[in-house]
Amino acid sequence: MSILPRIATLLLLAVPLLAGAAPPPRRVFIAAGSTAAGYGPARAPRNGWGQHLQGFLDPGAFEVRNHAIGGRSSRSFIAEGRLDAIARELRRGDVLLVQFGHNDAKQEDPGRYTEPREEYPRWLMRYVELARTRGATPVLITPVTRRIWSFGSLLDTHARYTDAMRELARREQVALVDLNASSRDWVRALGEEASRAYYEHVPERGIADDTHFSAAGATMVACLVVRDWKTLDPALERHVVRDTDCGAPATARQDAAAQPRPSQVVNEAALARAQPGPHGGAGSTTAYPLFADADGLSFVMRKRVLHKGAGIGLHQHHKDEIYYVLAGRGRYVLDGKVHDVGPGDAMLTRPGSTHAIEQAGEDDLVILLAYPVTRP
């Protein structure tokens, strides 16, 4: 190659640097077993939390590389050369998430079993040392909980392995996401019945798996991982693209039991009240005063059905009020301007404005109203 083509090539390579091109994304490697692994449609509804992790992270900042695979322990993952595969790619600035424990406890299989007190931490240190050697950040993740209830209590089937990982993280100053604790709190808050939908339960196929997750469960576990990872590394916050206000505190069930004003579920059929059109409106309506008797509620919500020919007469507002059209069509008059409204339209009326609404067409006009409580 002559000198001119070489110069041209060097200039082309330098353009991104001169233009201030964004650095390549940091890679997040997952070394784990089946609860983090990825699954295709043939294994539906089974999902692993690792396959949902990317959905929480800006792909321009983090690229998830999920090496998790079912049936592996901290020992067998290394014995099969899977950590070597990660080592070939791992570079400075990357993150290595490590979660094992489910299969380490299988004493009947010497190829996977690791004694929890000394062997298990020793194998985990292989992952930590690799990350540190390459300038990457190791993050240990305690085993996610199984959904095994006994007489109303959620059993901890990973206690010895969880304790060993916590102690290793403390001793070696390794970042730790205590997923065993956060997932146990989450499942306890759900309760025995409601938690079933988050695991791989398919009654029509005879599947009742309390270790592996449905898509909803795997997504929630990924959320718990990112939520606690942000606590370890606050700089991660700006690269998280989904809400991570997930999970529940350890006291969730006690907190619910101690509520002075319990939450509740009602059905509108028991609330229906036939009424003439409010504010001098024509025709008849049916009102559904939702939670009208709930003590201490700071807002009012009600559903109102305007039957054919009915309306809410013109009146001036002294409070904020929202109308939301659920079904039907109507003519909404706001400060003298007419709006044809239908399903999906939302109307906010502020103090000082006047409004009125009339049903239109053959079908009932169904609206949801919300406004703050006015106190004397």
Side-chain angles (χ1 to χ4, degrees), residues 189-190 194 223 227 237 240 242-249 251-361 363-376:
L190 281 169
C223 184
R227 184 199 72 179
E237 174 72 51
V240 175
R242 285 192 59 179
D243 169 34
T244 56
D245 180 16
C246 52
T251 58
R253 296 181 80 173
Q254 298 94 309
D255 295 343
Q259 283 177 315
R261 298 166 178 154
S263 302
Q264 54 186 295
V265 176
V266 299
N267 188 279
E268 66 176 28
L271 307 174
R273 299 179 187 176
Q275 296 179 344
H279 301 287
S284 62
T285 72
T286 303
Y288 301 87
L290 304 171
F291 307 110
D293 300 326
D295 184 34
L297 205 61
S298 61
F299 60 92
V300 174
M301 179 174 285
R302 64 182 64 224
K303 174 182 171 182
R304 187 173 290 275
V305 179
L306 282 64
H307 304 296
K308 188 172 183 179
I312 296 174
L314 182 73
H315 57 288
Q316 189 179 51
H317 269 249
H318 303 285
K319 62 182 182 297
D320 290 323
E321 184 175 44
I322 295 173
Y323 282 9
Y324 179 72
V325 181
L326 298 173
R329 309 295 304 181
R331 291 178 69 251
Y332 182 70
V333 180
L334 177 64
D335 293 331
K337 185 175 180 180
V338 178
H339 303 264
D340 292 322
V341 295
D345 287 323
M347 301 86 86
L348 170 63
T349 305
R350 311 305 299 254
S353 286
T354 59
H355 82 179
I357 191 167
E358 298 176 356
Q359 179 272 346
D363 298 326
D364 289 342
L365 173 62
V366 184
I367 56 176
L368 190 66
L369 299 79
Y371 51 88
V373 171
T374 54
R375 303 188 186 281

Under a 4.5 Å cut-off applied to non-hydrogen side-chain atoms, are [X] and [Y] in contact?
X    : Y    : value
I357 : V333 : no
I322 : M347 : no
P351 : D320 : yes
K303 : P289 : no
L290 : L271 : yes

For Q275, check side-chain contact (heavy atoms from CB on, under 4.5 Å) against everything at least two apart and list the hits.
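Expected list: R273, T285, A287, R304.
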
So does R331 have more than 12 non-hydrogen atoms from other groups sitting under 6.0 Å from CZ?
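At most 12 heavy atoms, drawn from other residues, nucleotides or ligands, come within 6.0 Å of this atom.
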
Excluding sequence neighbours, so at least two apart, what forms side-chain hydrogen bond (donor to acceptor under 3.5 Å, both in side chains) with D335?
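Partners of D335 under the side-chain hydrogen bond (donor to acceptor under 3.5 Å, both in side chains) test: S353.
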
Which atom of [X] lies closest to which atom of [Y], heavy atoms considered:
X    : Y    : value
A356 : G313 : CB-C, 3.8 Å
Y371 : R302 : OH-NE, 3.4 Å
L334 : L348 : CD2-O, 4.5 Å
Q264 : A294 : NE2-CB, 4.2 Å
A346 : Y324 : CB-CD1, 3.9 Å
I312 : L306 : N-CD2, 4.2 Å

Are any side-chain N or O atoms of [X] and backbone N or O atoms of [Y], one a donor and one an acceptor, separated by less than 3.5 Å?
X    : Y    : value
H339 : V341 : no
Q359 : G361 : yes
R227 : C246 : yes
D364 : V366 : no

Checking T286 against H307: is there a side-chain donor and acceptor pair closer than 3.5 Å?
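Per modelled atom types, H307 and T286 side chains form a pair under 3.5 Å.
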
Just do the side chain to side chain contact (heavy atoms under 4.5 Å, CB included) check on Y332 and I367 with the steps written out, would you?
CA-CA 12 Å; Y332 182 70; I367 56 176; over 6 Å; no

For the aromatic rings, using the six-membered ring if either is Trp, is the centroid distance between H355 and Y323 under 6.0 Å?
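Yes, the ring of H355 comes within the 6.0 Å limit of the ring of Y323, centre to centre.
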
